[in-house]
Amino acid sequence: MIVVLLGPPGSGKGTQAKRLWTERKWPQLSTGDMLRSAIQKGTKLGIQAKSFMDQGLLVPDNVVVDLIAERIELPDCRPGFVLDGFPRNILQAGVLDRMLEVRNQPVDRAVVFEISDEELVRRLSGRRTCVECGAMYHVESAAPKKPQLCDHCGHSLIQREDDKPEVIQKRLIVYHQQTEPLVEFYKKQNKLRCLDAKKKASDVTEALSEALQ
Ligand code: AP5
């Protein structure tokens with residue numbers, strides 16, 4: 001099954017994509033994670049992407065399209081995968097459809113995570129991520145057992161550069177202007193399902209499971 005998780009920054013796409021991997025072994029293809037990994041390794045691509053990400057802007061389409069095109073060719077993606085953070089605009093969605101047409105394996109479902117901007121700001125400003133394993137926490141709603149340390153691997157937790165207040169505002173504007181039109185795009189293809197992302201994570205998991213039936 002090929003699933004697109006759509007929704008604003010902080011709506012819980014990454015949290016749910018990780019659960020789909022744990023429960024169903026569906027690979028999570030997160031362009032944000034791929035770009036952050038390139039930044040950490042100091043690659044040319046990472047250096048190029050960082051300036052856009054730090055400002056809350058989208059990275060150029062050709063960069064993310066190449067990342068996805070390469071990733072979906074790996075054997076673990078053959079049965080299907082979950083796209084988390086891609087496509088991000090109409091151009092990327094069109095390119096994705098054409099890439100998948102060649103494989104004769106179209107997008108099956110696009111699920112949009114619906115939530116207010118106020119709740120997103122609360123979630124993003126409290127998010128902490130493990131430097132080592134990428135596990136995610138929230139200082140209030142999903143706090144680690146020991147402050148600033150990952151429950152799974154014991155490494156430090158950090159705040160993402162783009163989770164600073166002024167960058168969060170920019171990311172929300174970019175989402176509404178460039179990504180939200182994809183809701184209509186997938187609605188027209190009769191592939192869209194909506195879920196209430198304000199609910200607690202386990203309820204969202206349940207709603208997502210229903211949306212994928
Ligand atoms: P990316 O990494 O994709 O960030 P995003 O879409 O902005 O999404 P987030 O990771 O911020 O949020 P999320 O929805 O995954 O929420 P999460 O589960 O973490 O992109 C970053 C940047 O990379 C972009 O700005 C852009 O520059 C670039 N980029 C990436 N893809 C691109 C593309 N295709 N084209 C161009 N540029 C691209 O949850 C957030 C917090 O809430 C966590 O603390 C979590 O614990 C908590 N939480 C989750 N669910 C719940 C719940 N139900 N209740 C309470 N708390 C919850």
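The structure presented is a predicted model; accordingly, all values stated were derived computationally and were not measured. Values below: every heavy atom of this structure, side chains too, minus hydrogens, waters and symmetry copies. Positions are given from 1 along the sequence. Atoms within each ligand, like the ligands themselves, are counted from 1 in listed order.
Contacts between Val59 and ligand 1 below 4.0 angstrom, taking non-hydrogen atoms only, involve backbone and side chain alike. At a heavy-atom distance under 4.0 Å, only side-chain atoms of Leu35, from C-beta outward, approach ligand 1. When heavy-atom distances to ligand 1 are checked against a 4.0 Å cut-off, Lys199 comes that close only through its backbone atoms N, CA, C and O. Heavy atoms of Leu124 found under 4.0 angstrom from ligand 1 belong exclusively to the side chain. In Tyr137, the part holding a heavy atom less than 4.0 Å from any atom of ligand 1 is the backbone. Only the side chain of Ser141 comes within 4.0 Å of ligand 1, judged by heavy-atom distances.
Of all the atoms in ligand 1, the ones that sit under 4.0 Å from a non-hydrogen atom of Leu57 are 26 (C), 27 (O). For ligand 1 and Arg36, the ligand atoms under 4.0 Å from any heavy atom of the residue are 2 (O), 21 (C). Against a heavy-atom cut-off of under 4.0 Å, Pro8 is close to the following atoms of ligand 1: 14 (O). For ligand 1, the atoms sitting less than 4.0 Å from at least one non-hydrogen atom of Arg171 are 4 (O), 5 (P), 7 (O), 9 (P), 11 (O), numbered in the order shown with element in parentheses. With ligand atoms numbered from 1 in the order given, ligand 1 contributes 21 (C) to contacts under 4.0 Å with heavy atoms of Asp162.
Between Ser30 and ligand 1, a contact under 3.5 Å exists for no N or O pair. Inclusion of Val204 in the set of residues having an N or O under 3.5 Å from an N or O of ligand 1 is not warranted. Checking only distances, Glu119 never comes within under 3.5 Å of ligand 1, N or O to N or O. Here's the thing with Lys198: none of its N/O atoms is less than 3.5 angstrom from an N/O atom of ligand 1. In terms of polar-atom proximity, defined here as any N/O pair under 3.5 Å, Asp163 makes no such contact with ligand 1. At least one N or O atom of Ala201 sits closer than 3.5 Å to an N or O atom of ligand 1.
In this structure, Leu149 and Pro144 have side chains that are not in contact, with every pair of non-hydrogen atoms separated by 4.5 Å or more. Counting heavy atoms from C-beta on, the side chains of His176 and Asp117 come closer than 4.5 Å. Counting heavy atoms from C-beta outward, Arg193 and Val112 have side chains that stay 4.5 Å or more apart. With a 4.5 Å cut-off on side-chain heavy atoms, Ser125 and Pro165 do not count as touching. Side chains of Ile168 and Pro9 form no contact here, defined as non-hydrogen atoms less than 4.5 Å apart.
The number of heavy atoms from other shown groups lying within 6.0 Å of CD (Glu166) is above 12. Surrounding NZ of Lys18 are more than 12 heavy atoms belonging to other residues, nucleotides or ligands, all under 6.0 Å away. More than 12 heavy atoms of other residues, nucleotides or ligands shown are found within 6.0 angstrom of CD on Gln189. Within 6.0 Å of NZ in Lys145 there are 12 or fewer heavy atoms belonging to other residues, nucleotides or ligands.
The single protein non-hydrogen atom nearest to atom 52 (C) of ligand 1 is Arg123 NH2, 3.3 Å, given as residue, atom name and distance. Of all protein heavy atoms, the one closest to atom 12 (O) of ligand 1 is Gly10 N, 2.8 Å. For atom 8 (O) of ligand 1, the closest non-hydrogen atom of the protein is Lys13 NZ, 3.4 Å. Summary of contacts: the protein heavy atom closest to atom 15 (O) of ligand 1 is Gly14 N, 2.8 Å. Nearest protein heavy-atom neighbour of atom 35 (N) of ligand 1: Gln92 NE2, 3.0 Å. Taking atom 16 (O) of ligand 1 as the reference point, the nearest protein heavy-atom neighbour is Gly12 N, 3.1 Å. Here the heavy atom of the protein found nearest to atom 25 (O) of ligand 1 is Arg88 NH2, 4.0 Å. Annotation: atom 39 (O) of ligand 1 to nearest protein heavy atom, Thr15 OG1, 3.8 Å.
For the salt bridge (Lys or Arg N to Asp or Glu O under 4.0 Å) with Asp162, the lone residue among Lys50, Arg171, Lys170 that qualifies is Arg171. When Gln16, Arg19, Arg24 are each tested for a side chain to side chain donor-acceptor pair (under 3.5 Å) with Ser209, only one passes: Arg24. Checked options Leu29, Val4, Val65; the residue passing with Phe86 is Val65 (criterion: side-chain contact (heavy atoms from CB on, under 4.5 Å)).
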> Going through the checks in order, is the salt bridge (charged side-chain N to carboxylate O under 4.0 Å, His left out) test met by Lys191 and Asp108?
Replying inline: CA-CA 7 Å; Lys191 292 177 177 171; Asp108 295 288; over 6 Å; no

>> Run the side chain to side chain contact (heavy atoms under 4.5 Å, CB included) test on Val204 and Phe113 for me, step by step, so that the C-alpha distance in whole Å, both residues' side-chain angles and the decisive distance to 0.1 Å come before the verdict.
In response: CA-CA 9 Å; Val204 176; Phe113 286 49; 4.1 Å; yes

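Looking at Thr31 and Arg71, their side chains never bring a donor and an acceptor atom within 3.5 Å of each other.
For the residues Gln16, Arg127, Lys50, the heavy atom positioned nearest atom 10 (O) of ligand 1 is part of Arg127.
Checked for salt-bridge contact, Asp54 and Arg160 miss the test: no charged N lies under 4.0 Å from a carboxylate O.
Within the structure, ligand 1 lacks Arg128 among the residues with a heavy atom less than 4.0 angstrom away.
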